[in-house]
Amino acid sequence: MSVEKTPLTDPEEAKLAKRDAMKEAGLSPYPHHFKRNAMAADLQKKYKELQNGAETEDTVSVAGRVMAVRNSGMFIDLMDTSGRIQVFCHADSMSEDELAKLKFLDIGDIIDATGTIRRTPRGELSIRAVSFNILTKSTLPLPDKYHGLTDIEQRYRQRYIDLIMNEDSRDTLRKRSQIISFIRKFMEDRGAIEVETPVLHPIMGGASARPFVTHHNALSSDFFLRVAPELYLKRLIVGGMADKVFEIGRLFRNEGISIKHNPEYTSIEGYEAYMDYNDIMKVIEECVYQAVLHIHGKDTITIGENEVCFKTPWKRISMVDAVTEKSGIDFMAFNTAEQAYQAAADYGLKLDPKLNWGQIVEEMFDACVEPTLIQPTHITDHPHDISPLAKIHRNNPRLVERFESFCNGWEICNAYTELNDPDIQLANFEGQVAQKESGDDEAQMLDDDFVTALRYGLPPTGGYGIGIDRLVMLLTNSHNIRDVICFPTLKPKAQSSSAPRIAAADNDNNEVWQSIDENQKRFVVVVNGKEESQGRILNAVGHAVAGLVGQAETPEDFCFVDYQDADGNIHPSISHYPVIALKAKNSSQLKTAREKAIAEGVLFTDFTDTMTIGKTKEQVEATKEKKTAELDFLALCLFGERDKLNEITKKFSLYK
RNA sequence: GACUGCGUAGCUCAGUCGGUAGAGCAACUGACUUUUAAUCAGUGGGUCGAGGGUUCGAAUCCCUCCGCGGUCACCA
């Protein structure tokens, strides 16, 4: 079936052969030294006026990657980080020894070239090479030189290939650096200092989001990767480290990936003492405006289908007024959620009737205002209901002093006059804790020490947060957040799976289990949803569970408790760990889960159709006759660490 | 998570009604030598994502799984 590739026609083999040939000729394919004194773009600029066909005596050395070779090596397109220039290799100006090196050359190699500047009669600025060297031999083929690399997954997974082939990718990611650098300098120039606060948070706070959890072994403690730096930055303001602090860094949110969301993303968050949200508004719009000028050299740029002008001052309008403007409904006139709900329903919105006034205003805003905010606009004075971290508005207790800046229909900045009353902050935290206890895993935790810090006194402070990735998307007209992140989060490539060996997996288990917290374990029974006979299912479950318990080598892995009733009768050996019953769509899903259990070293048993008929002898034989894939799985029983089992069984629904 | 589309050579893509797997680039051999996606002649290169099914016969039809994209939902 598999035919061996003819060595010299496989691109990689051919390149390896040339590399070996270089070595035999006494040339290193990876020399240590390099020399260059010019960049392609500088030369293109400097010799812009050079006439077609003109030769100069100016000698330069360039270095870069070979992107194309024409006329058997006479013309080489060389690309460095600044741009491209053609290298002209001709017997008129090169020795035989130099020309001989061409036979080692491939597209993709990194070379240097030294020679004189000329412009060919066809108008291409070139270096008439006297010598050249292969500085790094490339041994894998580059994508199609014309179409480039279009496979989206490969562009992100192997960004280096994308960068080699795609000018747009290089440009966008370089602009990202420029934008971040600009913002940093802008903030520093106005007296703010950049600080670094922990990424590992013992207490999750500062934003409502689902966190990543990790574990510090020596401290025997779980930590959360930060979802926001807010509470630490405010502590620095309390301490008077500076009146203005900011942090540019990565935040982590354990949520879905989309065209506008990456699990780790970059924000700038800052706090400035003795400022309120009106002051911050001016700072933000000036910063973004200057960034646009810096990157584009003009204040109006194309984003998608729109021309967007960033000239300051930006339009300001309160959230309620903006809703009134678009819908004709004045929500300030409604004092109850019921009235607001009715008005929104009349307008045509389908809402959860349990929403409060502020949430209804927000829903109206999202529906009829947000998409229309193409030109930069500050939306101000949000309902208090939806802004637990902002200070109550000085003129209206239903509102807070908050603004969000929108552009192209996206939010790019969120800012408040910060809440600095410790008692209100404590009450807000307690509300969050109550939500967490009722099952909201995005709710924040009570940070006692932060409240304590507020009791020492946080001066009147304005704060802001900008999502850098989204800002870069706007300023580079990028459609997907992954285009502005060098290495976006991707599902790890599946490891090449050799046939799993159960015995080996079991040995591993013994060690793993000893370190697992007892509270983290559970039983999971998954049954085949296609099986209609309840009797067969129950039989299968019974077998699977009994088998699983019988299989355990160390009884301490389980925890069974004797329950006693009012009459003093004992109900022995009830599992301390929960037993979860799930339903799979079919046998094949059970088979897949079983393979995952083996790969993960999770204790398991399964039960198949071949185990239902006859006595053990017949069943053993019937099972032996079938390949794994041919077996019809009725039930799968697992026991182990909760998180691990969740990973294996997450696609199954609860059996009801 | 739901819906939807895609997966064929190293890269970019064809493949009709189910009937021997195709092209361009890249690679190899040679020609040519001021080219610009160089050109010309020839050569080699395939587990058609994986597994199963239907069929005399499957890249093609059916089922399952895997991977990726897009839209929607939550979030910035």
Side-chain angles (χ1 to χ4, degrees), chain A residues 1-15 17-18 52-53 67-77 84 86-92 106-108 118-126 128 139-157 161 165 207-210 227-228 251-267 269 404 410-414 442 465-471 473 479-482 490-494 497 530 584-593 595 627-630 650-651 653:
Chain A
M1 202 74 169
S2 69
V3 181
E4 265 189 50
K5 288 178 175 176
T6 313
L8 288 180
T9 56
D10 177 72
E12 183 180 359
E13 295 291 342
K15 288 165 191 287
K18 287 181 190 173
N52 289 2
M67 297 304 290
V69 177
R70 290 180 294 277
N71 286 51
S72 310
M74 180 180 279
F75 302 100
I76 298 168
D77 278 355
R84 290 189 183 220
Q86 179 170 272
V87 176
F88 178 64
C89 297
H90 197 276
D92 287 353
D106 278 306
I107 290 173
R118 65 185 291 252
R119 191 177 290 279
T120 66
R122 299 279 184 101
E124 189 71 40
L125 190 72
S126 305
R128 177 185 285 278
T139 57
L140 285 172
L142 288 178
D144 187 296
K145 68 187 167 200
Y146 184 63
H147 298 95
L149 184 66
T150 63
D151 182 86
I152 292 169
E153 181 186 2
Q154 201 180 352
R155 284 185 50 203
Y156 297 139
R157 265 190 212 288
I161 305 177
M165 298 307 296
S208 298
R210 194 170 302 130
V227 297
L251 307 183
F252 305 86
R253 299 196 177 179
N254 204 341
E255 285 160 2
I257 294 177
S258 83
I259 203 165
K260 280 163 90 173
H261 298 88
N262 197 59
E264 51 177 307
Y265 69 101
T266 300
S267 81
E269 191 161 322
E404 290 179 295
W410 306 351
E411 179 198 329
I412 55 172
C413 177
N414 185 20
E442 295 187 5
I466 299 175
I468 298 275
D469 311 85
R470 297 246 178 113
L471 183 65
M473 285 172 74
H479 177 66
N480 193 321
I481 194 167
R482 291 169 162 186
L490 299 169
K491 186 170 185 137
K493 270 279 193 215
S497 57
K530 282 230 171 99
K585 267 159 74 176
N586 52 44
S587 170
S588 174
Q589 289 193 330
L590 287 175
K591 184 170 67 76
T592 305
E595 282 162 6
K627 293 182 175 177
T628 314
E630 295 166 359
K650 64 185 174 188
K651 71 186 330 176
S653 55

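Numbers restart at 1 for each chain; the letters A, B, ... are given by sequence-line order, proteins then strands. This is a predicted model, so every value here is computed, not measured.
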- Item | Atom pair OG1/CG of A:Thr120 and A:Asn52 - distance to nearest 0.5 Å | 6.5 Å
- Tell me whether the OP1 or OP2 atom of B:G67 has a side-chain N or O from A:Arg157 closer than 4.0 Å. no
- Message: Need one value for A:Glu124: base, sugar-phosphate or nothing, where a base atom within 4.0 Å counts as base even if backbone is also close, heavy atoms only.
- Response: base
- Message: Run the salt bridge (charged side-chain N to carboxylate O under 4.0 Å, His left out) test against A:Asp144 and tell me which residues pass, sequence neighbours left out.
- Response: none
- Query: Counting any heavy atom closer than 4.0 Å, what does A:Lys15 reach on the DNA or RNA strands: base, sugar-phosphate only, or nothing?
  - Reply: nothing
- Item | Stems formed with participation of RNA chain B [Watson-Crick or G-U wobble, under 3.5 Å, three or more pairs] | B:1-7 with B:66-72, B:10-13 with B:22-25, B:27-31 with B:39-43, B:49-53 with B:61-65
- Name the nucleic acid region contacted by A:Asn52, choosing base, sugar-phosphate or nothing; use a 4.0 angstrom heavy-atom cut-off, strictly under. nothing
- Message: Please classify the nucleic acid contact of A:Gln589 as base, sugar-phosphate, or nothing, using heavy-atom distances under 4.0 Å.
- Response: sugar-phosphate
- Are the ring of A:Tyr265 and the six-membered base ring of B:A76 within the stacking cut-offs of under 5.5 Å and under 30°? yes
- Base, sugar-phosphate, or nothing: which does A:Asp151 touch, judged by heavy atoms less than 4.0 Å apart? sugar-phosphate
- Message: Distance check, P atoms only: B:G57 and B:U29, in whole angstrom units.
- Response: 44 Å
- Item | A:Asp106 CG - B:A26 C1' separation (whole Å) | 10 Å
- Query: Atom CH2 of A:Trp410 to atom C1' of B:A76: distance rounded to whole Å?
  - Reply: 11 Å
- Query: Going through the checks in order, is the side-chain hydrogen bond (donor to acceptor under 3.5 Å, both in side chains) test met by A:Arg470 and A:Tyr265?
  - Reply: CA-CA 9 Å; A:Arg470 297 246 178 113; A:Tyr265 69 101; over 6 Å; no
- Atom-pair distance (CD1 on A:Ile161; C1' on B:C11), nearest Å: 10 Å
- In whole Å, what separates the P atom of B:G30 from that of B:G10? 25 Å
- In Å, rounded to the nearest 0.5 Å, how long is the span from CD1 of A:Ile466 to OG of A:Ser267? 9.0 Å
- Give the rounded distance in Å between these two atoms: CZ of A:Arg155 and P of B:G67. 22 Å
- Query: Got a sec, which residues hit side chain to side chain donor-acceptor pair (under 3.5 Å) with A:Arg119, two or more places apart in sequence or on another chain?
  - Reply: none
- Query: Expressed in angstrom and rounded to an integer, what is the separation of A:Asn71 atom CG from B:A38 atom P?
  - Reply: 10 Å
- Query: Below 3.5 Å, does any donor atom in the side chain of A:Ser72 face an acceptor in the base of B:C32, or the other way round?
  - Reply: yes
- So do the side chains of A:Trp410 and A:Lys260 get within less than 4.5 Å of each other, counting heavy atoms only? yes
- Residues that A:Glu404 engages under salt bridge (charged side-chain N to carboxylate O under 4.0 Å, His left out), provided they are two or more places apart: A:Arg402
- Task: List for me each residue that meets salt bridge (charged side-chain N to carboxylate O under 4.0 Å, His left out) alongside A:Lys15, sequence neighbours excluded, and say none if there are none.
- Result: none
Using a cut-off of under 3.5 Å, enumerate the N/O to N/O pairs linking the protein to nucleotides 50-52 of chain B.
none

- Item | No-H, no-angle donor-acceptor pair, A:Asp144 side chain to B:U12 base, under 3.5 Å | no
- Message: Does a side-chain N or O of A:Lys18 approach OP1 or OP2 of B:A27 to a distance below 4.0 Å, or not?
- Response: no
- Message: So, using ring-ring contact (aromatic ring centres under 6.0 Å, His included) as the criterion, who are the partners of A:His90 when residues are at least two apart?
- Response: A:Phe88
- For A:Gln86, enumerate each residue passing the side chain to side chain donor-acceptor pair (under 3.5 Å) test, keeping only those at least two apart in sequence or located in another chain. A:Arg70, A:Ser126
- Message: If I pick the P atom on B:U39 and the same atom on B:U34, what distance separates them, to the nearest angstrom?
- Response: 16 Å
- Query: Is the distance from OP1 or OP2 of B:C11 to the nearest side-chain N or O of A:Lys145 less than 4.0 Å?
  - Reply: no
- Within this structure, what is the OH-to-C1' distance between A:Tyr146 and B:G24, rounded to whole angstrom? 12 Å
- Message: What contact category does A:Gly465 fall into here, base, sugar-phosphate, or nothing, at under 4.0 angstrom with non-hydrogen atoms?
- Response: nothing
- Message: Base, sugar-phosphate or nothing for A:Leu142? Non-hydrogen atoms, less than 4.0 Å.
- Response: nothing
- Message: What's A:Thr150 touching, base or sugar-phosphate or nothing? Going by heavy atoms closer than 4.0 Å.
- Response: sugar-phosphate
- Item | Partner set under salt bridge (charged side-chain N to carboxylate O under 4.0 Å, His left out) for A:Arg84, not counting sequence neighbours | none
